[in-house]
Amino acid sequence: MKISYKEIIQALFALFLIILICVLINNISINLTRTGIGFSFNWLFRPASFALAEHPLPYSPSDSYAWALFMGWLNSLKVIIYSLLLATVIGVFIGLSRIGKNELLRVVSAGYITIIRQTPLLLQLMFWYFVAFLSLKETVLKPIGNLLSISNQGINFLGITLSAEFSSLLLGLSVFTSAYIAEVVRGGINSVDKGQWESFRSLGLNDFTGLYTIIIPQALPAILPGLTSQYLNLAKNSTLAIAVGYSDIYAINDTIINQTGRPIEGFIILLLSFLFLNLFISNGMEIINTMITSSKNN
Amino acid sequence: MLPIVKATNLTKSYAKGIRALDNISISVDPGEVLVVMGPSGSGKSTLIRTFNGLETFDSGQLNVLGIPLGSNHNEERKIRRIRKRVGMVFQQFNLFPHLSILENITLAPIKVQKKKRDEAEHEALVLLTQMGIESHAQKYPSQLSGGEQQRVAIARALALKPELLLFDEPTSALDPERVNEVLDAMRRLAEQGMSMVVVTHEVNFAKEVGDKVLFMDSGKVIETSTPDIFFLDAKHQRSRKFLNQIKKK
Ligand SMILES: Nc1ncnc2c1ncn2[C@@H]1O[C@H](COP(=O)(O)OP(=O)(O)O)[C@@H](O)[C@H]1O
Ligand SMILES: [Mg+2]
C-alpha cells in the first residue's frame, strides 16, 4: 500500500486537531476545578424529574437524564427522517414542475421556490405552529373523509397520530428544504445534455419514461452531493424544534442544562449527537452514491 | 403512391424577423434518398427536425407517413405515432452513456413496442451484426470509436423498423478515416430500399446514393435537382458558389 503526500498532510492535520482539542479540554477542566464545579458526567444517571410530551420509548420523570437525552435524540431522528422523505418528495415534484411543459405548474413552482427561500425558517415554523395548527382552536378539518383529520391537536392520518408540535416541525422543515431540493433537482436535470432528450423522444418514448430511464440516471451524480448538503442542513435546522415546543435533543438538552447547571458537558453531548447524526446521513448518502455508480458500470 | 413526407409552404422563425424555414415545399417518395445541402445556418437541421416533431413550425402543412401535422403545438399523440415509425441519427450520436450498446438498442422496442427482452435482444444483435459491431454489444458507448458509436446509433434508429430515416450530418463529428464505415452502412440501407433524408456535405455519397439534392440557403429552397445535374451543372448561381466552397476544403 502506498501512502500519498495528501494522506500524510491529512494525518498531520488530524493530529493537530486532536492536540488542539486536548489542550482545550484541559484548559476547561482546569478552570472548572478552580471555580469548584468540576467536570463530570455523573449527573447523567440521576433522575431527570421532568415530563416529556413525546417519547418513542417508555419514559417517566424518574428515569435518568441519560434516558431523557436518548428520547430527545430519538425524537430528533424521527422528525429528521420523516422530513427528509417528505422534503424529497415535494422537492422532486417542484423541481420537475419547474422544468416541465405545463405553464401553470412552472409558474406556481417558481413562485413557491422564491417565497420559501426568501423567508426565514423560524418564521415558517411559527406560521405552521401558531397559524396552521393552533389557530384551528375547536375546528377539526377532514379534507378526505375520516382518513385524515387536522386539528389543534395535530394530524391524524389513517389512525397514526402526530402531535401539533411534531406536525408543524415536519411541515416547516420539509417545505423549507423542499425548495432547495427543487433547485438541486432542476440543476441536475439541466446538466444533462439536451441531445439526450431529443434522442429518447425521437425513439418514441414519452417524457415520463425518458425522464426516469435516461435523464435522472445521468442527473444523479450532479444531484446527490447537493441533496446530501440539504439533508445535513435539514438535520441541523431541526434544532429549531425548541421554537414550537417539540422535545428534540436540543430542547431537552436545554432543559437539562438549566436544571443541572452543566452547560459544557451538555454542549459536548449535543455536539457529539449531531456529529453522529450527520455522519450517519452523509455515510448513508455515500452508500447510495456508490450503489448507483457501481450498478451503472456492470 | 403517397409520398413519405410532404411539406407545403413550411415557415418557421425562432426569433422575430429571421426565418429558419421560409416557405419550403418538398416531398420524399417511398424508397427515395433525399440529400439536403446548404451552408451552416441555412435551416437544414430545423427542416428535418420538423419531420419527427422535434421542432414545431409556424405555418404551412406537413404530412409524414400519411399523418398530417399542423402548426399548432398540441399534437403530442400524432407526433409520438410518427416517431415510432421514423428513425433519427444525430451528428453527435447521442447514445445513452449509462446504458450498454445492447440496452441502447433494446430500450425503445421494450419500452415503446412492449417487446419481450429476449426477442428485443435477439433483434438488436441481428442489427449490430448488420452494422459489423456485434462484438461490442456488452460495451458502453464511451468504449467505442466515433464511427462505431454512429453505427450503434443507426442500429438504434432501425430497432423500431422505421419507414423513414432522418440523418443530420451523421459524419461531421467523425475523424476522416472513420467517415466511410458510416457512409457504407447508410449506402446499404439505401440499397435495401429505405427512404432517407440525409443532411450531409459528402459529395460522393450524394452523387452515388442520392436520388434528389435539395439545396437550401437562408431558410429557402434554392433548388431541387438530381445529383447529376446539381453537381455538374447546378441551375443556380448560389448552388455553384456553395459547391466551389466545399470543393476547396
Ligand atoms: N433553438 C434555436 N433557437 C434559436 N435559433 C435557432 C435555434 N436553432 C437554430 N436556430 C437558427 O435557425 C437558423 C437555422 O438553423 P439550423 O436549422 O440549425 O441550420 P443548419 O442545420 O443548416 O446549420 C440559424 O439561423 C440558427 O441560428
Ligand atoms: Mg445543422
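Remember, predicted model here, so these are calculated numbers, not experimental data. A, B, ... follow the sequence lines: proteins, then strands. Residue 1 opens every chain.
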How close do [X] and [Y] get, heavy atom to heavy atom, and via which atoms?
| X | Y | value |
| --- | --- | --- |
| A/Leu203 | B/Leu160 | O-CD1, 3.2 Å |
| B/Pro97 | A/Gln196 | CD-OE1, 3.6 Å |
| B/Asn94 | A/Ser199 | O-OG, 2.8 Å |
| B/Arg83 | A/Arg201 | CD-O, 2.8 Å |
| B/His98 | A/Thr213 | NE2-O, 2.8 Å |

Relative to chain B, which segment of [X] carries a heavy atom at a distance below 4.5 Å: side chain, backbone, both, or neither?
| X | answer |
| --- | --- |
| A/Asp193 | side chain |
| A/Thr209 | side chain |
| A/Lys194 | neither |

Residue [X] versus chain A: region with a heavy atom under 4.5 Å:
| X | answer |
| --- | --- |
| B/Leu95 | backbone |
| B/Arg156 | both |
| B/Val86 | backbone |
| B/Phe90 | side chain |

Q: For chain B, find which of A/Asn206, A/Leu205, A/Ile214 contributes the most heavy-atom pairs closer than 4.5 angstrom.
A: A/Ile214
Got a sec: does the [atom1] of [X] have more than 12 other heavy atoms crowding it under 6.0 Å?
| X | atom1 | result |
| --- | --- | --- |
| A/Asn146 | CG | no |
| B/Arg117 | CZ | no |
| A/Tyr250 | OH | no |
| A/Phe127 | CZ | yes |
| A/Tyr112 | OH | yes |
| B/Tyr14 | OH | yes |

Q) What residue among B/Arg49, B/Met88, B/Glu55 forms side chain to side chain contact (heavy atoms under 4.5 Å, CB included) with A/Glu198? A) B/Arg49
